[in-house]
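Scroll down for the structure; my scribbles are underneath it.
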Amino acid sequence: MSVRRVVPDIASEALEESRDFYERLGLVEVMNLGWVMTLASPSNPTAQITLMGPDATAPVQPDLSIEVDDVDAVYAAMVEDGAEIVHSLRDEAWGVRRFFVVDPNGRVVNVVGHR
């Protein structure tokens, strides 16, 4: 398994204002689905943050996202280890396959792969 990027997910009730704030720090919007947007560094595109309102399909909001090259293998390993899955593995309408797992500190991790 290979990790492609790790992105902090920031819960926000003020998405546009938050986007404007981080743009003043030099990040640019690279994805916006209305309820979630990602901003990235123009010079280092894997340096990113995600701003989120309530998640469109999950019961909880993640604290961070980890993009991997084989999300199915990671899911199988987490299930085998008895990890707490709080959003089951699924294909999402916006082109990702993902699940949420709780880490030992109680943080929700969005493990994601692009289709």
Side-chain angles (χ1 to χ4, degrees):
M1 184 218 29
S2 175
V3 173
R4 296 180 180 203
R5 64 187 168 121
V6 177
V7 179
D9 295 330
I10 300 170
S12 175
E13 294 180 12
L15 288 172
E16 289 77 23
E17 293 88 345
S18 296
R19 177 197 55 220
D20 295 347
F21 173 84
Y22 287 103
E23 284 180 340
R24 288 191 298 277
L25 291 173
L27 299 174
V28 296
E29 183 181 294
V30 295
M31 187 269 300
N32 187 337
L33 297 178
W35 62 273
V36 60
M37 62 181 73
T38 299
L39 294 98
S41 164
S43 61
N44 180 4
T46 60
Q48 300 179 348
I49 61 167
T50 295
L51 305 169
M52 296 184 71
D55 194 290
T57 65
V60 296
Q61 288 181 285
D63 296 297
L64 69 122
S65 295
I66 300 177
E67 181 184 355
V68 297
D69 64 347
D70 188 346
V71 69
D72 291 278
V74 177
Y75 182 77
M78 290 289 115
V79 169
E80 183 176 318
D81 288 346
E84 182 182 357
I85 306 296
V86 293
H87 183 63
S88 62
L89 182 64
R90 66 188 68 199
D91 293 328
E92 302 287 11
W94 54 93
V96 300
R97 185 163 173 78
R98 69 179 184 156
F99 71 95
F100 293 2
V101 62
V102 179
D103 82 359
N105 302 296
R107 300 292 181 194
V108 177
V109 180
N110 172 30
V111 182
V112 61
H114 284 84
R115 295 186 304 226

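None of the values given here were measured: they were computed from a predicted structure.
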| field | CZ on Arg5 to CD on Glu67, rounded to 0.5 Å | value |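 Glu67 CD to Arg5 CZ: 4.5 Å, rounded to 0.5 Å.
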
| query | Measuring from Glu17:CD to Ser12:OG, what's the distance to the nearest 0.5 Å? | reply |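 Answer rounded to 0.5 Å: 7.5 Å.
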
| query | When clusters are formed by joining ILVMFWY residues with side-chain heavy atoms under 4.5 Å apart, either directly or through shared neighbours, do Val109 and Val60 land in the same one? | reply |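 Shared cluster, no.
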
Check whether any side-chain heavy atom of [X] sits under 4.5 Å from a side-chain heavy atom of [Y], and report yes or no.
X      : Y      : value
Asn110 : His87  : no
Met78  : Val111 : no
Asp9   : Asp63  : no

| query | Rest of the hydrophobic cluster containing Leu25 (Ile/Leu/Val/Met/Phe/Trp/Tyr, side-chain heavy atoms under 4.5 Å)? | reply |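 Its cluster mates, by chain and number, are Ile10, Leu15, Phe21, Tyr22, Leu27, Met37, Leu39, Ile49, Leu51.
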
| field | Closest contact, heavy atoms only, Gly26 versus Pro42 | value |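 So the minimum-distance heavy-atom pair works out to O-CD, 3.3 Å.
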
| message | Which heavy atom of Gly113 sits nearest to which heavy atom of Val71, and what is that distance? | response |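 Where Gly113 meets Val71 most closely, the heavy atoms are N-CB, 4.1 Å.
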
| query | Counting only heavy atoms not in Arg90, do more than 12 sit closer than 6.0 Å to its CZ atom? | reply |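 It does: Arg90 CZ has more than 12 such atoms within range.
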
| Who are the side chain to side chain contact (heavy atoms under 4.5 Å, CB included) partners of Asp55, not counting sequence neighbours? |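 Residues passing side chain to side chain contact (heavy atoms under 4.5 Å, CB included) with Asp55: Trp35, Met52, Thr57, Ala58, Pro62, Arg98, Phe100.
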
| field | Intermediate values then yes/no, side chain to side chain contact (heavy atoms under 4.5 Å, CB included), Val112 and Glu92 | value | CA-CA 10 Å; Val112 61; Glu92 302 287 11; over 6 Å; no

| All pairs passing ring-ring contact (aromatic ring centres under 6.0 Å, His included) where residues 41-85 contributes a residue, at least two apart |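 Checked against ring-ring contact (aromatic ring centres under 6.0 Å, His included) - neighbours excluded - the pairs reaching residues 41-85 are Tyr75-Phe99.
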
| Test side chain to side chain contact (heavy atoms under 4.5 Å, CB included) applied to Val74 and Ile66, Leu89, Asp69, Val68, the passing residue |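 That would be Val68.
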
| Are any side-chain N or O atoms of Asp103 and backbone N or O atoms of Asn105, one a donor and one an acceptor, separated by less than 3.5 Å? |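 Here the side-chain-to-backbone pair exists.
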
